[in-house]
Amino acid sequence: MIRLFDSARGEVCDLRLRDPGRVSIYVCGPTVYGPPHLGHGRFTLVWDVLRRWLTFQGLSVEFVSNITDVDDKIIARAAAEGRAESEVAAECEAEWWAAMALLGVARPDEVPHATDYVAGMVELIEALLERGAAYRTSDGVYFEVTSVRDYGLLAGQPLESLRAGARVGVSDEKRTPLDFALWKAAKPGEPSWPAPFGEGRPGWHTECVVMALDLLGEGFDLHTGGLDLKFPHHENERAQAAALGRPFARHWDHNGMVTVGGEKMSKSLGNFTSLTDLAARTDPRAYRLLVLRSHYRSPLEVNPSTVADAERALARLDAFARRFDLDPLAGADRLVLHDRHDFAEEADDLYERVAAALNDDLDTPLAVADLFEAVTAANQMEDEGRHGPARRLAHAVNTLFGAMGLGLRAGTDGVDDVTRRLVAERDAARAQRRFGDADRIRDQLVERGWVVEDGPAGTVVRRA
RNA sequence: GGCGGCGUGGCCGAGUGGUUAGGCAGGGGCCUGCAAAGCCCCGUACUCCGGUUCGAAUCCGGACGCCGCCUCCA
């Protein structure tokens, strides 16, 4: 069984499942109001890797991730552009899925939208009001954080010290500065829904409670998201469930932030790179590899140098795929299942080491290191003419990278007729030892964007 | 002010009480007509100061520095 860090406990512990063999995971998704950036890319990749790994090991994974499609920022943008909120949200969501496809992030099993769950949220808020955990003000309904004894569990701080540092704008009507809006009273020109406590729209912290409980049920296994959601967002979700006496997530886990020049990347700082820009600049698989090569809870520094580093490391893996004629085993919607037959004797040890690393708090950097060692080992065997063992080890490497969602690609496809002809001419020239001609043809191929490699079977070209 | 995390060789980045992380970059060699790819060899790192220990980068204490959260944020 996998061990994972639990943000509520503050330590790595066994992931104890509600139902043996089945894992239910809720990942806090995006608010769709702008282009997805590298930070979104990281969290989706991290939890995609976890999902894939658990699936690979034969667990039945129920993976839910929401889209927040009602929110202040969506409303603000819609107003600024004179468009309907739903139009802005739909457009941004389309961008989101396009970016996910580029990254090879598998689509969640369920993608609940906040606007589809307003009725459930209204019910939940009513129940909180009945229990005295929420109160009405002139501008909506607020949750009273003092109603939950262990409020601050995820923050790792008691309510008092959180209150002391609160920078929240103090509203006269709030009983405690940390109290948060469950429902925002309708304002002219804003989307709203009817409710017994007044027309309005839901606050951000309620939707996930309703959607997670509805789709995954009480006591679901794991709730994850970016570290910046730990407090107050997740704390507040927890508080609502706790106030109602409904078992919520059994485990919590959070991924580290993406940094640029050592500082957190965020839309508010304006130092973000969109995933579309990234994809225009590099093979998105390089970003997955970059993400895999750092621990998911550590900050991840992304800059041209770290990306270039990952690109070159990926090139090594692709060269490996070329040498052993490996087919990519992972794709956006392709989850690989563990197949014992993939693991020949030569690869038993590799599998054990990779599994041990990943099952120890998803230590992908260590797993990747093990796989790179295996790459060297297989190359070595091949050099020594031990083709069978080399090939079997290579296939295991491919399978395990596939289990983490990284498809190795030979990059030899897309060869057009002209290129094919040049390659044939070059082979002929080399066979006749007309090296001047051979070099001239190679220059032509390079000009056409190919890298030329002479292997045992003659000239092979691949995309530069 | 409170809470949490981090400080590893040129860079990225694991790990850990005594044994090579790994990748990238760099140097040397092998292979190659020359390359490319691949293989071999090379760096001998762990912020600083104390302490524990036969032995600490790894444990304890302190100092310094950096980052995150405490407001929207993945």
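Throughout, a chain's letter reflects where its sequence line sits, starting with A, and its residues are numbered from 1. As a basis for the values below, the full set of heavy atoms in this structure was taken, side chains included, without hydrogen atoms, waters or symmetry mates.
Here Arg323(A) lies in heavy-atom contact (under 4.0 Å) with sugar-phosphate atoms only. Across all strands shown, His233(A) has no heavy atoms under 4.0 Å from either base or sugar-phosphate atoms. Residue Gly256(A) is classed as a base contact, given a heavy-atom separation below 4.0 Å to a base. Residue contacts for Arg462(A): at a heavy-atom cut-off of 4.0 Å it reaches the sugar-phosphate backbone alone, with no base atom in range. Looking at heavy-atom distances under 4.0 Å, Val451(A) makes contact with sugar-phosphate atoms alone, never a base. Contact annotation for Val258(A): base contact, defined as any heavy-atom pair under 4.0 Å involving a base atom. Residue Gly39(A) is classed as a base contact, given a heavy-atom separation below 4.0 Å to a base. Within the 4.0 angstrom heavy-atom criterion, base atoms lie near Gln157(A). Counting non-hydrogen atoms under 4.0 angstrom, Arg426(A) reaches a base of the nucleic acid.
Nearest nucleotide to the side chain of Glu453(A), out of A37(B), G13(B), C70(B): A37(B). Distances from the side chain of Arg312(A) to the nucleotides G23(B), U71(B), A25(B) place A25(B) closest. Ranking G23(B), A14(B), G68(B) by closeness to the Glu263(A) side chain, first place goes to G68(B). Taking only side-chain atoms of Ala313(A), from C-beta outward, the nucleotide of C11(B), G23(B), A74(B) with the closest atom is G23(B). Out of G33(B), G15(B), A74(B), the shortest distance to the side chain of Asp363(A) is found at G15(B).
Inspection of the Asn66(A) and Tyr117(A) side chains reveals no N or O donor paired with an N or O acceptor under 3.5 Å.
Look at Arg316(A) and you won't find any side-chain N or O under 4.0 angstrom from OP1 or OP2 of G22(B). Within the structure, every side-chain polar atom (N or O) of Arg442(A) is placed at least 4.0 Å from both OP1 and OP2 of C34(B). Considering only side-chain N and O atoms, Gln380(A) lies nowhere under 4.0 angstrom from the phosphate OP1 or OP2 of G38(B). Between Thr31(A) and C72(B), a side-chain N or O to OP1/OP2 separation shorter than 4.0 Å is absent. The side chain of Lys264(A) contributes an N or O atom lying less than 4.0 Å from OP1 or OP2 of C69(B). Dashed line: the shortest gap from a side-chain N or O of Ser298(A) to OP1 or OP2 of A14(B) is under 4.0 Å.
For a distance-only test at 3.5 Å, the side chain of Lys73(A) qualifies as a donor-acceptor partner of the base of C72(B). For Asp439(A) against G33(B), a side-chain N or O and a base N or O form a donor-acceptor pair under 3.5 Å. Donor-acceptor pairing under 3.5 Å, judged by distance alone, is present between the side chain of Asp454(A) and the base of C34(B). Not a single donor-acceptor pair, N or O on each side, falls under 3.5 Å between the base of G38(B) and the side chain of Asp383(A).
Atom P of nucleotide G2(B) and atom CG of Leu154(A) are separated by 22 Å, given to the nearest angstrom. For the pair His254(A) NE2 and G68(B) P, the interatomic distance rounds to 17 Å; values are reported in whole Å. Atoms CG (Leu162(A)) and C1' (U71(B)) sit 13 Å apart, rounded to a whole Å. Here the P atom of nucleotide A74(B) and the CG atom of Leu103(A) are 15 Å apart, to the nearest Å.
A salt bridge links Glu91(A) and Arg77(A); the closest N-O separation between the charged side-chain nitrogens and carboxylate oxygens is under 4.0 Å. Under 4.0 Å is where a charged nitrogen must lie from a carboxylate oxygen, and between Arg9(A) and Glu11(A) no such pair does. Between Asp443(A) and Arg440(A), none of the side-chain N atoms (NZ, or NE/NH1/NH2) sits under 4.0 Å from a carboxylate O, so this pair counts as no salt bridge.
Atom CG of Leu103(A) and atom CZ of Arg288(A) lie 7.5 Å apart (nearest 0.5 Å).
Relative to the six-membered ring of Trp450(A), Arg463(A) meets both conditions, a distance below 6.0 Å and an angle of at most 45° to the axis.
Using the six-membered ring where Trp is involved, His254(A) and Trp252(A) have ring planes that are parallel, under 30° apart on the 30 and 60° scheme. Using bins of under 30°, 30° to 60° and over 60° for the plane-to-plane angle, the ring pair His223(A)/Phe248(A) lands in the tilted bin.
A74(B) has no base stacking with the ring of Phe43(A) when judged by centroids under 5.5 angstrom apart and an interplanar angle below 30°.
Across the interface with RNA chain B, nearest-nucleotide mapping of Asn379(A) and Leu290(A) shows Leu290(A) to be the residue nearer the 5′ end. Checking Asp360(A) against Ser294(A), the closest nucleotide of RNA chain B that is more toward the 5' end is the one next to Ser294(A).
Spacing of C1' atoms, C49(B) relative to C54(B), comes out at 23 Å, to the nearest Å. Across the C1' atoms, G51(B) and G55(B) are found 15 Å apart, a figure rounded to whole Å.
Pair check for G38(B) finds C30(B); Watson-Crick or G-U wobble, both atom distances under 3.5 Å.
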